[in-house]
Amino acid sequence: MTEYSHIESVASRLGLPFQTEIGDAQVDTSFLSHLPLAFARTNLLLPLHEEKGKLLVATGNPANLLAMDELQGVFGMPLEAIAVHPDTVLEAINRFYSRLSGSAQEVVEELEGEDLSTIATEFNEPRDLLDLTDEAPVIRLLNSILFQAVKERASDIHIEPYERDIEVRFRIDGILYKKLTPPKIVQEALISRVKIVSGLNIAEKRLPQDGRIRVVVAGRDIDIRVSIVPTFFGERVVLRLLDKQKGVLSLEDIGLSPAGVTLMERLLARSNGIVLVTGPTGSGKSTTLYAALNRLNSAEKNIITIEDPIEYQLKGVGQIQVNPKIDLTFANGLRSILRQDPDIIMVGEIRDVETAEIAIQASLTGHLVLSTLHTNDSATAITRLVDMGIEPFMVASSLSAVLAQRLVRLICPHCREEYAPERVYPGIELPAKLYRGAGCEKCFGLGTMGRTIIHELLPVDADICSMIIRREPAGVIKEYAISKGMQTLRDDGLRKAAAGITTIEEIVRVTQEDYADLSL
């Protein structure tokens, strides 16, 4: 018997209705402020709304009549229970209680007159930030910043000191937004708190430091990478947030077109060769590599990676973390990997000629190698390898394909609206109608929610091999690939804009460095 059928069976026996989900429209959050979060979680009870003089309550444990009696005493009105799967109730409790929590700005306003030197020195097992409401002021400030960042889907938090104040900014879908300006007096205490929870040296203020924090926010396990560097007005902190529950995306989920997915699967089915993913920092290259590894991962394959840092743990994959302090570089790690009888190797980044040479040798000796390179488009990656000092014939014989990509923001599906474009962009033929986000509560007024990639995928065929050996420039190689049907970054972006996936402004923003005729 499944868990769902068990709950349904208990509900049927007690004469209770059963439902599979809890929608936003069902919950009147005014009831939640009267019920402690700990009680709701422990007893799997969520007040929904009042109906005909009764309070409807979702319960994940219909047999717990004692808790229902306590709940009735809290609200002083008759209850009507609805049975729901326990996981669904717990997810809804986290979701709705998180909306009640105050913002970081509210915590800053409460700091006036409080003792800012009170900093806790313990942070052992991660606790849910929803539970930490009565802590010291600076601790509450940091908790609120982390909580608000997770709630608003931020990927990075910047804490930046200036002469008279400090500024807190969130990077949301690739763009930085100013969120908070705490008073200068909290600077030392706030940064010290960050150091404590990430296991860093509080006394060291002259050298950069790196650390990690693991927290739980509304039931979600968040891994945070911490970077602290000294600046003129004090130490600057950047926190990179990684939601472990999101997991690894598939090739379809990252934004590849159906044709791109088919071609990538064909390339990944090979037993040797190099597949490169290129783009500037923050263009989603690592996510694409993880999606490819997820597709390749099976009991028959020995997959080993060398990464800096390891962002996701993949079951069945051997992952090595680069550590320059002990001379564990990409090149040295790659040499060791080759003695581990691998079928597939993933190198986080090709940064130097030594790593490139070992990766090429590995591909030529029967290994499939996946890696990244910092170039603006697909064809430039080929000439970059040659410029690094790799012999052209080695590049031609080992390289299977290059995938260039950029991240673009998705239009919020809840406030998407259609409009007729008025502005003219040189070199771009716009469709009669486009789409944009008006801004709503779901997307915090931004008009965007999430990101996807635009891409160009250049397979290396016999003609391109000849061009590489002849040292043809990147422009010639790209023109040939386009003549053979390659879709450029701009082409893919315009297709997604016309389909209402992203905006034309986003496409111009992320591709203008590649096309001189695109300008804002």
Side-chain angles (χ1 to χ4, degrees), residues 152-155 170-178 249 251-261 277-285 287-288 375-380 403-458 475 478-479 481-483 485-520:
E152 297 187 16
R153 302 176 292 103
S155 61
F170 294 171
R171 187 178 295 280
I172 302 172
D173 295 335
I175 306 295
L176 278 171
Y177 297 93
K178 183 178 177 180
L249 300 176
L251 291 172
E252 293 83 1
D253 292 336
I254 62 174
L256 286 179
S257 64
V261 171
V277 182
T278 74
T281 301
S283 58
K285 299 187 297 296
T287 301
T288 299
T375 61
N376 287 334
D377 63 6
S378 54
T380 308
L403 173 69
Q405 63 180 59
R406 298 285 190 285
L407 282 172
V408 294
R409 292 178 291 174
L410 293 167
I411 298 172
C412 173
H414 304 285
C415 60
R416 189 179 77 161
E417 62 181 17
E418 184 183 304
Y419 73 100
E422 297 178 357
R423 185 170 179 179
V424 176
Y425 294 95
I428 299 179
E429 185 177 341
L430 297 179
K433 62 180 181 181
L434 288 169
Y435 302 86
R436 61 191 172 197
C440 66
E441 184 181 299
K442 298 277 188 181
C443 62
F444 302 98
L446 300 178
T448 61
M449 184 179 288
R451 291 189 289 178
T452 189
I453 67 166
I454 58 173
H455 70 283
E456 61 182 38
L457 181 52
L458 187 155
K478 187 167 185 175
E479 284 179 12
I482 293 172
S483 71
M486 184 185 79
Q487 181 178 252
T488 65
L489 288 165
R490 182 169 67 178
D491 294 336
D492 187 40
L494 293 176
R495 181 181 63 83
K496 286 182 167 72
I501 296 171
T502 187
T503 65
I504 188 66
E505 290 78 14
E506 271 295 281
I507 304 308
V508 171
R509 180 180 69 84
V510 302
T511 62
Q512 59 181 327
E513 63 187 25
D514 302 317
Y515 301 99
D517 58 348
L518 293 185
S519 60
L520 288 169

**Q** Give the minimum heavy-atom separation between Cys443 and Thr448, together with the two atoms involved.
**A**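 Distance-wise, the nearest heavy atoms are CB-O, 3.4 Å.
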
**Q** Quick one: pull up NZ in Lys478 and OG in Ser483 and give me the separation to the nearest 0.5 Å.
**A** 13.0 Å

**Q** Report the distance from atom CE of Met486 to atom CD of Glu479, rounding to the nearest 0.5 Å.
**A** 10.5 Å

**Q** For the pair Thr452 (side chain) and Ile254 (backbone), establish whether a donor and an acceptor sit closer than 3.5 Å, ignoring hydrogens and angles.
**A** yes

**Q** Determine, stepwise, if the pair Arg153 / Met449 fulfils side-chain contact (heavy atoms from CB on, under 4.5 Å).
**A** CA-CA 9 Å; Arg153 302 176 292 103; Met449 184 179 288; 4.0 Å; yes

**Q** Is any side-chain heavy atom of Leu403 less than 4.5 Å from a side-chain heavy atom of Leu256?
**A**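 With C-beta onward as the side chain, the pair touches.
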
**Q** Which atoms form the tightest heavy-atom contact between Ala432 and Pro421, and what is the distance?
**A** O-CD, 3.3 Å

**Q** Do Arg416 side-chain atoms and Gly500 backbone N/O form a donor-acceptor pair below 3.5 Å?
**A**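 Looks like yes, one N/O pair under 3.5 Å.
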
**Q** Does any non-hydrogen side-chain atom of Ile501 lie less than 4.5 Å from one of Leu410?
**A** yes

**Q** Which distance, rounded to the nearest 0.5 Å, do you find between the OG1 of Thr488 and the CG of Leu494?
**A** 8.0 Å

**Q** Can you tell whether the side chains of Arg495 and Asp491 come within less than 4.0 Å, N to carboxylate O?
**A** no

**Q** For the pair Lys496 (side chain) and Gly255 (backbone), establish whether a donor and an acceptor sit closer than 3.5 Å, ignoring hydrogens and angles.
**A**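 Pair found, side chain donor or acceptor close to backbone of Gly255.
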
**Q** I'd like to check Thr278 versus Asn376 (side-chain heavy atoms, cut-off strictly below 4.5 Å). Are they in contact?
**A** no

**Q** Would you check if the side chain of Glu506 reaches a backbone N or O of Arg409 as a donor-acceptor pair within less than 3.5 Å?
**A**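 Yes.
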
**Q** Looking only at non-hydrogen atoms, find the nearest pair between Val408 and Ile454 and report the distance.
**A** CG2-CG2, 4.0 Å

**Q** Is there a side-chain contact between Glu505 and Arg436 in this structure, where contact means two heavy atoms from C-beta onward sitting under 4.5 Å apart?
**A**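 Sidechains of Arg436 and Glu505: no contact.
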
**Q** Is there a donor-acceptor pair closer than 3.5 Å between any side-chain N or O of Ser378 and the backbone N or O of Leu457?
**A** no

**Q** Would you name the heavy atoms of Tyr435 and Ile411 that are closest together and state the gap between them?
**A**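 Looking at all heavy atoms of both residues, the shortest contact is O-CD1, 3.4 Å.
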
**Q** Output the distance between atom NZ (Lys442) and atom SG (Cys412), rounded to the nearest 0.5 Å.
**A** 9.0 Å

**Q** For the pair Lys285 (side chain) and Gly279 (backbone), establish whether a donor and an acceptor sit closer than 3.5 Å, ignoring hydrogens and angles.
**A** yes

**Q** Taking all non-hydrogen atoms of both residues, which atom of Ala154 and which atom of Phe170 are closest, and how far apart?
**A**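 Ala154 and Phe170 have their closest heavy atoms at CB-CB, 3.9 Å.
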
**Q** If every non-hydrogen atom of Leu489 is compared with every non-hydrogen atom of Arg406, which pair is closest and at what distance?
**A** CD1-NH1, 3.8 Å

**Q** Are the side chain of Arg451 and the backbone N or O of Ile172 linked by a donor-acceptor pair below 3.5 Å?
**A**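 Here the side-chain-to-backbone pair does not exist.
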
**Q** Let's go through Thr288 and Gln405 carefully: what are the C-alpha distance in whole Å and the side-chain angles of both, what is the deciding distance for side chain to side chain donor-acceptor pair (under 3.5 Å) to 0.1 Å, and is it a yes or a no?
**A** CA-CA 9 Å; Thr288 299; Gln405 63 180 59; 2.7 Å; yes

**Q** Working to the nearest 0.5 angstrom, can you tell me the gap between Asp377 CG and Leu458 CG?
**A** 9.0 Å

**Q** Taking Ala404's backbone N and O only, do any of them form a donor-acceptor pair with Glu456's side chain (distance below 3.5 Å, no angle check)?
**A** no

**Q** In Å and rounded to the nearest 0.5 Å, what is the CD1 to CG distance from Ile175 to Leu446?
**A** 10.0 Å

